[in-house]
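The structure under discussion appears below in the form of structure tokens.
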Amino acid sequence: MSTTYTLDTATSRAHPVPEPVRRLTVPAIAARKSGGVTANPLVMLTAYTARMAQLLDPHCDMLLVGDSVGQVIYGLDTTVKVTLDMMIAHGGAVVRGSYRAVVIVDLPFGTYEASREQAFITASRVLRETGAAAVKMEGGEVLAPTVEFLVARGIPVVGHVGLTPQAVNALGGYGARGRSEAEAAKIIGDARAIAAAGAFALVVEGVVEPLARDITSAVPCPVVGIGASAACDGQVLVIDDMLGMFERTPRFVRRFDDLAARISHAATRYAAAVRDRSFPGEAETYRQKG
Ligand code: KIV
């Protein structure tokens, strides 16, 4: 089975998977919403590295290699600066580190908006070079013909509407969307258009609760929310946000751990052990054999 995860354990720190596992498929994810109902909410998290993918994989239906990699891993101020090469490098790592979840890779800003052909060239390169199952693209009605073009050519697409961070320069910030009637109507029109074009799922980001509810009941595909209330068919968070790696996070984030403090604590203990020469100790030292 090509999705079975194997590693050379003589040279790798990563753990091999104990038994072959069949990877979830795009149609299986789409089928989780049936007759407008999603009995089991879809679980999605972002991942950017092989080891994190291994840890998250048993718990997630989908792993998203988000262009948030730019901010989380590279310290960029916006996702606008993320390149296709970055997405492909991290996408490949997440596919290698996972064996069950559907892996979706974000198309970065400037690599798909110009034309349907540009989007196809970019998306096909992503699938070919990473092994991921699908791509995600930000945008509404104007992007619908592109989504249709890709889907018709065998490229599964996840849409992304509401707050679209790649458009931060046009939006002027990351505030919640859909507070006015006109804005809400525009976003629901975007969601309908992208779903009708064949997206198998939609990420809806940073919208007020009534709009999230309306979108979720308006489209047949699963709606995965981030900052979009519990009304959606599933949820996604940026992994480092939910692990408590950053001091500042958006209001919609719940910290399920406080990893930043735990890492600081470990580094403090390591530094003290190096300075007082208690590390490395006998157990951590190679000796001549015989
Ligand atoms: O880039 C990303 O991590 C995303 C999520 C916020 C959905 O698109």
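The analysis underlying the following values was restricted to heavy atoms, covering all of them including side chains, and did not include hydrogens, waters or symmetry mates. When a ligand or atom number is given, it counts from 1 through the structure's own listing order.
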* If you measure only the distance, is there a donor-acceptor pair under 3.5 Å linking the side chains of D276 and S278? -> yes

* Around E181, counting heavy atoms of other residues, nucleotides and ligands shown, do more than 12 lie under 6.0 Å from its CD? ->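 No, CD of E181 has 12 or fewer neighbouring heavy atoms, counting only those of other groups under 6.0 Å.
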
* Stepwise salt bridge (Lys or Arg N to Asp or Glu O under 4.0 Å) check, R192 with D214 -> CA-CA 11 Å; R192 279 204 171 101; D214 287 349; over 6 Å; no

* Asked: Is NZ or CZ of R116 both nearer than 6.0 Å to the six-membered ring centre of F120 and within 45° of the ring axis?
  -> no

* **Test item: E138 and Y112 side chains (from C-beta on) under 4.5 Å apart, heavy atoms** =>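 Yes. Closest side-chain heavy atoms under 4.5 Å.
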
Are there any protein N or O atoms under 3.5 Å from the N or O atoms of ligand 1? List them with distances, or say none.
unit_1	atom_1	unit_2	atom_2	d
ligand 1	1 (O)	D67	N	3.1
ligand 1	1 (O)	D67	OD1	2.9
ligand 1	1 (O)	S68	N	3.0
ligand 1	1 (O)	S68	OG	3.3
ligand 1	1 (O)	D106	OD2	3.2
ligand 1	3 (O)	S68	OG	2.5
ligand 1	8 (O)	K136	NZ	2.8

* **Trace of the salt bridge (Lys or Arg N to Asp or Glu O under 4.0 Å) decision for R262 with D258** => CA-CA 7 Å; R262 294 215 273 156; D258 189 10; over 6 Å; no

